[in-house]
Amino acid sequence: MAFNNGMAMNNGLAKIETQKLKEEICHDDSAVPVKAHTLDELHSLQVKKSNPNTPIIDLQQSIFGSEADKNKQQLESISASLASLTRETGPKVVRGDPAKQAETPKVVHASHQHQHQQIPPFSNITDSALKFTHILYNLSPAELYEQAIQNEKGSFITSSGALATLSGAKTGRSPRDKRVVKDDTTSEELWWGKGSPNIEMDEQTFLINRERAVDYLCSLEKVYVNDQFLNWDPMNKLKVRIVSARAYHSLFMHNMCIRPTPEELENFGTPDFTIYNAGKFPCNRYTHYMTSSTSIDINLARKEMVILGTQYAGEMKKGLFSLMHYLMPKRQILSLHSGCNMGKDGDVALFFGLSGTGKTTLSTDHNRYLIGDDEHCWSDHGVSNIEGGCYAKCIDLSREKEPDIWNAIKFGTVLENVVFEEHIREVDYTDKSVTENTRAAYPIEYIPNAKIPCVGPHPKNVILLACDAFGVLPPVSKLNLAQTMYHFISGYTALVAGTEDGIKEPTATFSACFGAAFIMFHPTKYAAMLAEKMQKQGATGWLVNTGWSGGSYGSGSRIKLAHTRKIIDAIHSGELLNANYTKTEVFGLEIPNELKGVPSEILDPVNTWPNKDAYKETLLKLGGLFRKNFEVFTNHKIGTDSNLTEEILVAGCFNECAGNYEKMGLNNGALSNGLAKIETQKLKEEICHDDSAVPVKAHTLDELHSLQVKKSGPNTPIIDLQQTVFGYEADKNKQQLESISASLASLTRETGPKVVKGDPAKQAETPKVVHASHQHQHTPTLSNITDSALKFTHILYNLSPAGRSPRDKRVVKDDTTSEELWWGKGSPNIEMDEKTFLINRERAVDYLCSLEKVYVNDQFLNWDPMNKLKVRIVSARAYHSLFMHNMCIRPTPEELENFGTPDFTIYNAGKFPCNRYTHYMTSSTSIDINLARKEMVILGTQYAGEMKKGLFSLMHYLMPKRQILSLHSGCNMGKDGDVALFFGLSGTGKTTLSTDHNRYLIGDDEHCWSDHGVSNIEGGCYAKCIDLSREKEPDIWNAIKFGTVLENVVFEEHIREVDYTDKSVTENTRAAYPIEYIPNAKIPCVGPHPKNVILLACDAFGVLPPVSKLNLAQTMYHFISGYTALVAGTEDGIKEPTATFSACFGAAFIMFHPTKYAAMLAEKMQKQGATGWLVNTGWSGGSYGSGSRIKLAHTRKIIDAIHSGELLNANYTKTEVFGLEIPNELKGVPSEILDPVNTWPNKDAYKETLLKLGGLFRKNFEVFTNHKIGTDSNLTEKILAAGPNF
């Protein structure tokens, strides 16, 4: 007969397929997916409605139902924005706050287009696809205030009405972590290399980070979405979408971008650029290019920006500015880092300057119309503001000096990182406790004289602001065009304290175009455009020093703001154009001889220095620094005017300083007169001027919040966290928390997370919390503090009381495992490398540490005290914690106290998907085992069985290395001490048959066989529940009580009675309960050597006898074959039993080659005189569809006869093909069913089916024929001969 697994039987019987190997991996016993597209649908399946039934509305029919098309389009667009690029559809989004769902019943579910083919099939459903993400869309400031105060610690309403917030560990930008995708286009267009702000990354890394950000945002219950505009010029307006996790970020961008009208919002459509702000979630340090926990990534081709690892809102603002610095020049529009205002006569002035130079302050002038304070465009039509708001520095803010900014801080304004009095909420703008980079973000309309719309004619004056820490630049200088370009390209100023990491006093620096951190093209491109526009429009350039006079920083004093305002007023009025000028030495600047309202002696800085030699020396030093900085630009032609480049070079300090700089031997060292040295800002790794802020002065969020709020009355001392670590608690508790912190540690950071015991929701009940960190010397420096390092993770420690994805289970293949483990065809071990494991571990740990609380179980495996393993399970769900509480061995209080470091750790972040852009990932799920690291990571599946079987795989590796046989078997013991092992896959009855109220239960699923006897690996049972009844399985029925986990069952909605016949959710319903719930469980779960080894098969072909006695070779043959059927519900897509083979009755879990386990089993059976049996619990009288299932009562009689020894004494007949010995009769079992041929009405069909099954056995065993089994040289041949004989 030509059996090819594909032909129909010639007698017309239904064809039964063998299980096909998928991509050469082992038997796949995953469950069918749930029959739902959403969590609501899934929950509706779980609860049975009482009569009269409430109809469940078809979700697909209700999508967008009864809502306006515009609302539908908005939600479709948002879903598309949030879509993973590796999945068929975007997430399901619904409008409104989930906390107020009762108030907004008419929600709209958004997906991609409604076409049927775009709805993912059930087989592709993931946890991410099931849930809704609630979209809080373009909320008003009042709504965002409510969200911030309710959900974001550190949010307060101040006395002025502004919202005070904290930006976390980062209080300034992180330019060294900002990256741009370098592709074929940008590699040619953008400025790369020395001095450039553009740090490259590749497309793949961007997509990895995008996926990480989108997965995090979609894992949240709600996200904030802002659809807004950039650029007030209607001809060049851009649509931007900002997706964020914090109300603070949403309100910040509401203020900083241009707010759409209701009509504009209704017709918004697809954005031109999208920001994914997942700043609360760190980047993965194992991802290529990542150098810290922070990454800000721009992809110009995809028109997207991703933020990870920083909550500083300014990253969004400046990311959009970088975008405009790319797009606008391509339209021949000059983008400018400048303030801009306009006089009543229409005269426009631009203000250039970095943070701390006074750009916002000076452009905000109540005598002039404010066009904008920071970012502008200069087109052929004039100037336009890019933004819809202002972002003003608040440090030392006063009503007298800056009344317009002071008055703008009111309801709707965001105050970042300020300190206020705890009761009256009055802000102290002089307090730098949190940071010196305190800020206010408010709509531009809050400035009374703002010009709306924010556009104006061509500028008349271009004012370059510098905060000169050397004190040698004049308060004001008139510049010619070449000088203007020179100082524009140079971008000299000082980094004022608070605007850069580690800067505590002003430090000289240069930033091209007064904004090198944001420009995309080479600075000379912007300079050439500025020169062209100034020349065409007849604009005048000015250099204004807002820094020091009368000496350098430390000896001189800051120029008064009042004097600077007088200078600016004189520029606006034209008064300075008519003044008399004197040219300075070195820089050749023209300075006015006098100016009304400004002391004449300060106009020329030499007059204010008491030591003229020191002045000259400092002047030459600064000139040298300018010259050295400009060297990088000397080889670039500027614009189309061939003379302009030469004129600009001459316009610099190349007169006296050209020779004197070298002659004086000044090389950034101390000045010869002993004055304090002032360093130029050193380039760090050849990137541009770095204007990031100093880190917060706190190690924890509690410390940070204590800095934010000023205590009134007698100050409450802030306790040093390091001194209180583990204070007043027992050393054992300390060690537990240290161990847990170490388990949760990122491998790329200095310390583990701060962990504290107890539920945060019940903190009032457990006031004596213990803060855990690593030893004091490991406390991270403030410069390394991240948001993850600031927060506590609450540990719920050892609390009281669908289906697996084997195709996504991977094992790290290293030098050891590549030699030891079973790889290749038929193996369950799908390889991954160490780096990919570490990437997934980091992803899981970052997710778990981002949660407010996680569950930690410290438990044991293996009841054998000589081979017990300590395991730790870290999970995000109480369900997982209770499941493992039941399934692992529960420690006594004494054992828990002395638990120490675990032997193996599981990180269950199953609610969070893996990143499909990570190497080896083929779906949203990954279950990864690293035997060298003794760790397991779970991503993208919440099925608890993955933990149980992951630990079983571990035991399948460790135990054989100790000469202990690990077995996928049930085990029980008679009252006389006779032990039986039950082998079989899901659905064969292993749990049912090993749970026998007449015998002691040692365990139902996983065991070890050592030289001392057998021991259960687990502390619980995991029984299938489908069609469970009290009559058939009383012990399992009675074990389902308080403490048991019931997975995916359906129950009646009111009385909560479970219907075990209902398969609405899945056919793979399960119960997980402690083994003690079985009344006759043997505690401890150990026993002597087995007397009987029972191999169970659910034969869908119906040709195997109900029971057969096996010789040793036959036992090994059928043990290695592992034949059964996949009963419906235990594999993805299986709706009826399907023949399959699973080596050792557990190929999905074994680590070594099956012959290793078979040899060990043969040796132990032979040594202990155990007998092998093959028991068929499947079909009789025909195949599935024509025959019937063998009655459980008959199978129980057979098992009883094996236990009692009755079957050993029976008379046997040998069957054809398989050569199995079957008893002629057995009390309590009809004799006719003992030989299956008797039960088939069609004997030819029986013979044909028997031959077919024999062929399948033979074909399956081919892969094992070349492996020697054990040390007995004849055993392999005997085993091969024990198979089907044709």
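We're numbering straight along the sequence, starting at 1.
Listed by chain and number, the residues in a side chain to side chain contact (heavy atoms under 4.5 Å, CB included) with S1231 are E1225 (sequence neighbours excluded). Partners of N998 under the side chain to side chain contact (heavy atoms under 4.5 Å, CB included) rule, at least two apart in sequence or in another chain, are D996. Every residue meeting the side chain to side chain contact (heavy atoms under 4.5 Å, CB included) condition with P1154, not counting sequence neighbours, appears here in chain and number order: W822, A1143, C1144, I1150, F1264. When the salt bridge (Lys or Arg N to Asp or Glu O under 4.0 Å) test is applied to K868, the partners found at least two apart in sequence or on another chain are E895.
Between the side chain of S953 and the backbone N or O of K949 there is at least one donor-acceptor pair closer than 3.5 Å. Using modelled atom types, one side-chain atom of T1069 and one backbone atom of I1026 make a donor-acceptor pair closer than 3.5 Å. For the pair N1260 (side chain) and L1256 (backbone), a donor-acceptor distance under 3.5 Å is absent. Not one N or O on the side chain of N1092 forms a donor-acceptor pair closer than 3.5 Å with the backbone of A980. In this structure, the side chain of W1173 does not engage the main chain of L1095 through any donor-acceptor pair within 3.5 Å. A donor-acceptor contact shorter than 3.5 Å is absent between the side chain of H1007 and the backbone of L967. Although no hydrogens or angles enter the test, the distance criterion places no donor-acceptor pair under 3.5 Å between the side chain of Q1168 and the main chain of A1170. The backbone N or O of G1102 sits less than 3.5 Å from a side-chain atom of D1099, completing a donor-acceptor pair. Between the side chain of S1186 and the backbone N or O of G1182 there is no donor-acceptor pair closer than 3.5 Å. In this structure, R890 contributes its side chain and G1019 its backbone to a donor-acceptor pair below 3.5 Å.
Classified by interplanar angle (parallel below 30°, tilted 30° to 60°, perpendicular above 60°), the ring pair W1240/Y1246 is perpendicular. Classification of the Y943-Y1022 ring pair by plane angle, with boundaries at 30° and 60°, yields tilted. Under the 30°/60° scheme for interplanar angles, the aromatic rings of Y1184 and W1179 are found to stand perpendicular. Classification of the Y879-F883 ring pair by plane angle, with boundaries at 30° and 60°, yields perpendicular. Ring orientation note: the planes of F1149 and H968 are nearly perpendicular, at an angle over 60° on the 30°/60° scale. Classification of the H1203-F982 ring pair by plane angle, with boundaries at 30° and 60°, yields perpendicular. The aromatic rings of Y1123 and F1141 are tilted relative to each other, their planes meeting at an angle between 30° and 60°.
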Report task. List the steps and the verdict of side chain to side chain contact (heavy atoms under 4.5 Å, CB included) for T941 and I927. Result -> CA-CA 9 Å; T941 173; I927 303 103; 4.2 Å; yes
Query - Steps toward side chain to side chain contact (heavy atoms under 4.5 Å, CB included) verdict (E1221, S1108) - result: CA-CA 5 Å; E1221 290 198 345; S1108 316; 5.9 Å; no
Requested in this report: Start with the C-alpha gap between N1016 and I889, add the side-chain angles, then the distance that decides, and say whether side chain to side chain contact (heavy atoms under 4.5 Å, CB included) holds.
Outcome: CA-CA 10 Å; N1016 190 351; I889 302 167; over 6 Å; no
Query - H1012/D864 under side chain to side chain contact (heavy atoms under 4.5 Å, CB included): CA gap, chis, key distance, verdict - result: CA-CA 9 Å; H1012 314 294; D864 177 356; 4.2 Å; yes
Query raised in the report: Are N1224 and T1213 close enough, and set up right, to give a side chain to side chain donor-acceptor pair (under 3.5 Å), and what steps lead you there?
Result: CA-CA 7 Å; N1224 296 331; T1213 302; 2.6 Å; yes
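Under the 3.5 Å distance criterion, with hydrogens and angles disregarded, no donor-acceptor pair is assigned to the side chains of T995 and D1035. Checked by atom type, the side-chain pair N1068/T1066 shows no donor-acceptor distance below 3.5 Å. A donor and an acceptor atom, one from each side chain of T992 and K1032, are nowhere located under 3.5 Å apart. Side chains of N857 and Q859: a donor on one and an acceptor on the other come within 3.5 Å. Side chain to side chain, S875 and N908 fail the donor-acceptor criterion of an N or O pair below 3.5 Å.
Within the structure, no pair that satisfies the ring pair (Phe, Tyr, Trp, His ring centres under 6.0 Å) test touches residues 1220-1239, not counting sequence neighbours. Sorted by first then second residue, the salt bridge (Lys or Arg N to Asp or Glu O under 4.0 Å) pairs that include residues 969-994, not counting sequence neighbours, are D978-R999, K990-D1005.
Pairing each heavy atom of L1226 with each of I1198, the nearest pair is CD2-CG1, 3.7 Å. Taking every heavy atom of both residues into account, A1201 and S1204 meet most closely at O-OG, 3.2 Å. The two residues G1043 and L882 make their nearest non-hydrogen contact at O-CD1, 3.9 Å. For N1176 against A1097, the heavy-atom pair with the smallest separation is OD1-O, 3.0 Å. Across every non-hydrogen atom of S994 and D1004, the tightest pair is OG-CA, 3.6 Å. Of all non-hydrogen atoms in G1181 and P1241, the two that sit nearest each other are O-CD, 3.9 Å.
Rounded to the nearest 0.5 angstrom, H880 NE2 and I906 CD1 are separated by 11.0 Å. Atom CD1 of I938 is separated from atom NZ of K809 by 11.5 Å, given to the nearest 0.5 angstrom. For the atom pair C1008 SG and H956 NE2, the distance stands at 9.0 Å (nearest 0.5 Å). In this structure, CG in N972 is found 12.0 Å from SG in C1085, a value given to the nearest 0.5 Å. A distance of 6.5 Å separates CG in L1220 from CG in L1110, rounded to the nearest 0.5 Å. Taking CD1 of I1036 as the start and CD1 of I1078 as the end, the distance is 6.5 Å to the nearest 0.5 Å.
In this structure, E1206 does not pair ionically with K1227, as no charged nitrogen and carboxylate oxygen lie closer than 4.0 Å. One finds a salt bridge joining E1216 and K1247 here, because a Lys/Arg side-chain nitrogen approaches an Asp/Glu carboxylate oxygen to under 4.0 Å. At a threshold of 4.0 Å, the pair K1024-E1033 does not count as salt-bridged, since none of the basic side-chain nitrogens sits closer than that to a carboxylate oxygen.
D1059 has its side chain out of reach of V1049: every pair of non-hydrogen atoms, C-beta onward, lies at least 4.5 Å apart. No side-chain heavy atom of M947 sits under 4.5 Å from any side-chain heavy atom of L951.
Between W1037 and the options Y1077, Y1060, Y1073, a ring-ring contact (aromatic ring centres under 6.0 Å, His included) holds for only Y1060. For the side chain to side chain contact (heavy atoms under 4.5 Å, CB included) with T1177, the lone residue among R1189, H1194, K1191 that qualifies is R1189.
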